[in-house]
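Everything below concerns the one structure shown next.
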Amino acid sequence: MNWTKRYPGWTMFGSMVGLLFFLWGVAIPLSAAPDPIGPAAQQFAEGTRITVWLTVISGSAGVVLGVIAGMGKLSKFLPLRWLCDFYVWLIRGTPLLLQILFVWLALPSILPEGVVLSDFACAAIALALNVGAYNTECVRAGILAVPHGQIEAARALGLTPLQGFVDVVLPQSLRVALPALANNLASLVKDSSLAYVISVVELTMVGYRVQAESYQPVPVFLTIGVIYLILTTAFTTLTAALETRLEVGQKR
Amino acid sequence: MSDPNNQKQIIVARNVDKRFGSFYALRGVSATFFEGQVTAIVGPSGSGKSTFLRTLNRLETHDGGEIIVDGIELNDDIQHLDAIRREVGMVFQSFNLFSHLTILRNITLAPMRVRKMRRDEAEAKALALLDRVGLKNQAHKYPVQLSGGQQQRVAIARALAMDPKVLLFDEPTSALDPEMVNEVLTVMRELAHTGITMLVVTHEMGFAREVADRVIFFDEGTILEDTTPHAFFTNPDHERAQAFLSQVRHGF
């Protein structure tokens with residue numbers, strides 16, 4: 001019996017605690033490792049924290065963006081639909097690396113004087129916009145998967161369209177969209193590594209620097225790889241458990 | 001027709017038209033329904049009987065004529081529509097219970113959202129209604145865990161929770177396995193005796209004959225017969241109605 005399926009609540013709790021514990025304590029085992037890892041343990045730990053921060057912030061913003069744009073794509077109001085179509089078309093049709101560079105280099109010249117964005121903020125904005133576009137399609141598909149009878153029942157009971165959407169359509173569509181959203185989140189953990197080009201000192205950047213100083217790429221990149229694997233495992237365990245939690249009342 | 005003279009008109013339909021593209025689903029349908037009356041609406045598939053029922057709470061918009069429910073005209077005015085939907089409950093062929101909510105939450109949702117009832121009040125009421133349809137011990141299950149007949153009884157309880165003046169039934173037993181039809185009909189029979197106005201689109205001729213005060217026979221988008229069950233089942237005026245009856249009588 002799958003532990004995640006049997007105790008989804010505990011699994012979610014466990015993976016969250018595990019992730020926090022890992023973030024807090026990752027330097028301890030690393031510092032015990034031989035050169036070149038040991039001396040750079042604090043750098044690895046800091047890079048891991050930045051990567052997780054970047055993922056959590058842009059991932060959350062991306063879900064909100066995805067829900068808004070996903071609804072917008074199904075709106076009866078044509079200009080809104082065009083806007084959301086345009087957003088998805090633009091983001092999906094251009095490389096993420098270009099988007100990150102654009103936010104970092106081009107956006108400050110467009111923004112009003114005095115608005116200063118940190119490197120981290122630039123990376124978070126670009127990643128959120130990117131994952132938001134992919135989430136849009138997942139949310140849209142989720143909304144379309146809700147049977148029309150559910151909406152009719154809500155309307156027949158006197159719920160307003162907004163109440164029907166919030167209480168009936170959205171919860172059911174997110175349940176459908178969740179596996180795809182989780183997939184996007186797992187990609188985001190890894191895509192956040194592209195932030196290194198705009199000098200955000202996240203995990204990959206740390207690895208690059210440490211190997212450059214030590215001339216030992218093999219142990220350094222292996223360590224980085226293992227840390228990424230631990231992070232993605234924590235995130236996917238978390239979302240898989242959440243999926244099970246939301247599966248209530250669903251045909252198996 | 002049980003003496004309409006001293007009864008209050010609750011639904012008035014005048015010359016109602018409904019088109020789907022170039023196909024006329026309803027042609028100039030007129031009918032008046034009185035408070036406390038139980039009307040069975042019968043007819044062959046595609047005759048417009050379900051469409052007519054669905055125009056009465058505007059799940060379908062009508063293209064011509066007028067519909068007045070409890071003195072309020074059904075039109076594009078959203079406030080009229082909300083007022084009408086609060087008075088008119090509906091039970092669907094495919095139940096349309098909210099799959100992500102427990103049985104109890106299915107029933108309390110609309111009273112809490114639309115009537116602004118407090119949760120404890122709404123739950124007490126829901127449990128009383130579940131008791132009435134014989135499902136009090138199922139309150140914390142999800143729809144998928146119930147049989148079709150049980151789901152339909154919950155759907156009836158859900159509609160009743162809004163204290164509607166009129167209940168519309170759209171082929172409430174057509175999606176059920178034969179052994180479950182009776183448990184739903186029993187609940188409907190009891191309801192009919194409480195004095196609530198019921199419009200029932202059905203293929204259950206036994207039910208129509210035994211419980212209804214009035215039978216309306218639809219054919220090709222018009223009302224062909226509008227009479228008492230006795231007159232309809234013993235001596236229908238139109239050949240189409242006779243043909244229909246001889247078709248459905250098989251197996252009686």
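Hydrogens, waters and symmetry mates play no part in the numbers below; they use all other heavy atoms, side chains included. Note on naming: letters A, B, ... go to the chains in the order of the sequence lines (proteins, then strands), and numbering restarts at 1 for each one. These numbers come from a predicted model, not from an experiment.
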Sidechain-backbone polar pair: B:H100 side chain, A:D167 backbone, donor-acceptor under 3.5 Å
yes

Among B:R54, B:E87, B:R115, single out the residue with the greatest number of heavy-atom pairs under 4.5 Å to chain A.
B:R54

Among B:L101, B:L97, B:I78, which residue forms the greatest number of heavy-atom pairs with chain A at distances under 4.5 Å?
B:L97

Return the minimal non-hydrogen interatomic distance between B:S99 and A:Q150, and the atom names on each side.
N-OE1, 3.6 Å

Does B:M90 reach the side chain of A:E152, with side-chain heavy atoms less than 4.5 Å apart?
no

Quick check on B:V88 against chain A: is it the side chain, the backbone, both or neither that has a heavy atom closer than 4.5 Å?
backbone

Flag yes if more than 12 heavy atoms outside B:Q79 fall under 6.0 Å of its CD atom; otherwise flag no.
no

For the residue pair A:L157 and B:A159, what are the closest heavy atoms and their distance?
CD2-CA, 4.4 Å

Which pair of heavy atoms, one from A:A156 and one from B:N57, lies closest together, and at what distance?
CB-ND2, 3.8 Å

What do you reckon, is CZ of B:F20 surrounded by more than 12 foreign heavy atoms closer than 6.0 Å?
yes

Please report the shortest heavy-atom distance between B:F98 and A:A153, naming the atom on each side.
CE2-CB, 3.9 Å

Any chance you could measure A:I151, atom CD1, to B:L59, atom CG, to the nearest 0.5 Å?
11.5 Å

Just give me the residue among B:R86, B:R58, B:R113, B:M162 that pairs up with chain A most often, heavy atom to heavy atom, under 4.5 Å.
B:R113

Other residues, nucleotides and ligands only: do more than 12 of their heavy atoms fall within 6.0 Å of CZ on B:F92?
yes

Would you mind reporting whether B:L81 and A:R155 have side-chain heavy atoms less than 4.5 Å apart?
yes

